[in-house]
There are 2 protein chains.
Amino acid sequence: MKSKITLKELAKLLNVSVSTVSKALHDSPEISPKTAERVKELASLHNYKPNPVAVNLKKSKTGTIGVVIPNISNSFFARVLSGMEAEAQKHGQQVITYISNESLEREKQICDMLTSGFVDGVLIAVSEETQKKQIYDHLFGLLDYDIPVVIYDRINLGLPADKIGVDDEKSFYDATKFFKAKGLEKIGLASAIHHVGIGQLRIKGYEKALQKDDSSFMATSTKPDDLKRKIKILITEEKVEALLCTDFESAIMATRVAYEEKINIPKDLKLIGYISKDIAEFLTPSLSYIEQHPQELGSNAINILNNRIEGKYQSGKFEEEIIATTLVHLESTRF
Amino acid sequence: MKSKITLKELAKLLNVSVSTVSKALHDSPEISPKTAERVKELASLHNYKPNPVAVNLKKSKTGTIGVVIPNISNSFFARVLSGMEAEAQKHGQQVITYISNESLEREKQICDMLTSGFVDGVLIAVSEETQKKQIYDHLFGLLDYDIPVVIYDRINLGLPADKIGVDDEKSFYDATKFFKAKGLEKIGLASAIHHVGIGQLRIKGYEKALQKDDSSFMATSTKPDDLKRKIKILITEEKVEALLCTDFESAIMATRVAYEEKINIPKDLKLIGYISKDIAEFLTPSLSYIEQHPQELGSNAINILNNRIEGKYQSGKFEEEIIATTLVHLESTRF
DNA sequence: CTGAAAGCGCTTACAG
DNA sequence: CTGAAAGCGCTTACAG
């Protein structure tokens with residue numbers, strides 16, 4: 001076992017000062033080529049690596065970014081995290097992950113802890129509970145401590161911070177228009193997240209796309225049984241020709257109801273869901289979905305945060321980036 | 001904005017020394033109650049929190065744990081991470097996430113970086129490529145630097161480190177026996193991960209459970225089309241009565257083939273998959289699955305690592321914990 | 001009971 | 001070109 005060697009030990013072995021070693025390893029022009037050579041040789045022989053904790057203390061930064069995730073089992077957030085991690089690596093930064101489990105209490109604890117200075121900046125998607133109760137004191141707490149914060153995905157909260165999100169409204173506007181252009185008249189919507197911001201935006205897009213004389217058909221509920229009942233009414237009684245689903249639960253539930261009621265997808269019912277690619281492609285039939293480009297969202301979030309950290313943005317003015325979605329057609333929208 | 005206050009500033013305001021402040025905040029018996037009181041009051045007034053980077057430097061530790069994940073979109077690993085994060089929080093530790101994307105090269109970079117001392121210990125599930133090529137030098141690199149490593153989930157590599165995994169072999173042994181007990185004779189297996197350790201263990205469990213005179217029926221391939229073709233043969237020509245699927249891909253593919261061939265699940269074909277609860281419950285029909293208790297795996301992994309870090313285990317002897325799986329029956333195994 | 005000093009491992013302005 | 005010194009923010013053995 002090679003125990004980690006320090007600058008001091010290296011200096012002693014070389015009979016030079018610690019400062020000389022440090023400068024040599026940083027290619028300082030102050031150091032003679034000969035000395036630099038000697039130092040580097042021994043350093044690489046001993047596999048010297050500077051202690052990051054010491055470097056960070058000296059530089060008054062941590063080199064890490066805190067990411068707060070409401071629910072990691074949600075494949076969307078998992079992919080966002082993946083994009084963040086990849087981008088952070090490029091900048092030599094570490095990603096510390098915190099999972100709020102959609103709980104305000106947990107989110108408060110996390111934010112509170114982050115004010116101690118564990119991270120150089122924070123990326124957060126607020127929990128459902130936080131959105132519902134609209135309590136944002138803990139976020140202001142971070143801002144008070146001058147810790148840069150970028151809000152991602154769930155961005156319509158009116159907070160004074162940089163934001164990056166997905167074009168939720170337009171995605172459903174476009175999807176609805178797509179069906180109308182195909183001549184469908186009864187276009188429905190199902191949602192288990194109608195009570196949260198992103199759900200509302202998607203619904204808004206749907207409603208905007210309908211003409212004044214179009215009726216809207218909505219099945220919304222957070223309770224599976226209730227949602228199922230409502231979707232069943234839409235499909236069997238109202239006989240909608242297409243259904244837009246704002247989330248995983250409602251999309252799967254719609255598939256299920258169609259299966260149970262022997263409604264053929266896509267012949268009798270077209271379906272579009274807000275679900276992730278790996279699942280959409282594997283469903284039976286495969287489900288047309290709205291691609292949100294989560295990895296891109298993640299990597300861009302890191303970049304916005306880093307720009308903020310490096311003072312590249314004007315203070316008091318906030319960035320807001322919206323990522324365009326893509327409607328991907330699979331079997332469930334085959335005409 | 002409250003800029004972070006330091007011990008030194010606090011000391012100056014109180015007209016005492018830095019040492020006194022530090023001791024007072026740590027409830028040292030050396031300090032008079034009166035002074036302690038004064039110090040704590042001012043500290044809480046200014047919301048003082050020790051700079052974690054400085055504390056860590058002093059204590060020669062980082063307070064963080066590195067977690068290497070092959071694929072975060074895999075819901076199993078997402079849940080494992082969630083369990084790790086929750087447990088780490090209990091110990092006041094931070095989780096730094098690294099995603100290898102099943103790439104040996106990336107995994108090497110990560111391990112190499114971790115030797116610099118970013119973390120107190122590492123939890124790793126090695127990538128598929130690493131397993132296939134059986135190159136473990138980078139892991140020995142970590143061990144050389146005396147960084148504690150716990151290998152999770154993909155544990156049958158013969159490496160000198162603590163391990164925690166799932167009882168892959170027994171899970172499929174039990175599942176096969178279950179079908180046999182129900183009187184089924186043609187029990188098949190489908191796999192897209194037959195080339196990696198955990199896949200092999202699951203297959204082994206299946207084979208062990210078959211009597212000498214039972215035939216085995218296997219459809220294995222990493223290529224979707226090829227796998228589909230083979231599953232189709234099993235279902236339509238061999239007419240297996242039940243199918244055990246070792247992974248998400250094969251489970252979904254089996255559902256799909258059954259659908260396309262108009263084979264009714266569970267009437268004509270029983271299905272069990274190694275997929276996660278949230279997906280299993282939502283499929284149509286819902287898919288009986290093997291629960292691996294990923295969160296428990298995650299939290300136990302943290303505990304093993306911490307025990308190792310704290311020297312609670314004998315060095316040179318390694319822990320190996322196996323978590324028992326549970327077979328959860330949903331619609332696809334209804335008799 | 002309080003404080004000066006050393007030190008964790010590094011970087012960098014300054015002196016020589 | 002090299003090194004002594006100060007300092008990042010903290011903790012703790014030691015002296016008084």
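Numbers restart at 1 for each chain; the letters A, B, ... are given by sequence-line order, proteins then strands.
- Regarding A/N15, its CG atom lies at a distance of 12 Å from the P atom of D/dA4, rounded to whole Å.
- The pair A/K61-A/D120 fails the salt-bridge criterion, with no side-chain N (NZ, NE, NH1 or NH2) lying under 4.0 Å from an Asp/Glu carboxylate O.
- B/K34 has its NZ atom 13 Å from the C1' atom of C/dT2, to the nearest Å.
- Summarising the geometry, the separation between NZ on B/K8 and C1' on D/dC10 is reported as 11 Å, rounded to the nearest angstrom.
- What separates NZ of A/K61 from C1' of C/dC10 is a distance of 13 Å, to the nearest Å.
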Derivation of the side-chain hydrogen bond (donor to acceptor under 3.5 Å, both in side chains) call for B/E319 and B/N307: CA-CA 10 Å; B/E319 296 291 305; B/N307 284 338; over 6 Å; no

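- Between the CG atom of B/N56 and the C1' atom of C/dG7 there is a distance of 16 Å, rounded to whole Å.
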Worked check of salt bridge (Lys or Arg N to Asp or Glu O under 4.0 Å) between B/E107 and B/K133: CA-CA 13 Å; B/E107 194 175 288; B/K133 299 194 177 160; over 6 Å; no

Contact pattern, 5' to 3', of nucleotides 11-16 of chain D - B, S or - by protein heavy atom under 4.0 Å: BBBB--

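- When heavy atoms are screened at a 4.0 angstrom cut-off, A/T35 is found touching the sugar-phosphate backbone but no base atom.
- Contact annotation for B/P52: no contact, since no heavy-atom pair falls under 4.0 Å across all strands.
- A/R38 has its CZ atom 13 Å from the C1' atom of D/dC1, to the nearest Å.
- Toward the 5′ end of DNA chain C lies the nearest nucleotide of B/I31, the other residue of the pair B/I31 and B/A54 mapping further downstream.
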Secondary-structure string, 5' to 3', Watson-Crick or G-U under 3.5 Å, | for another-strand partners, for DNA chain C: |||.||||||||.|||

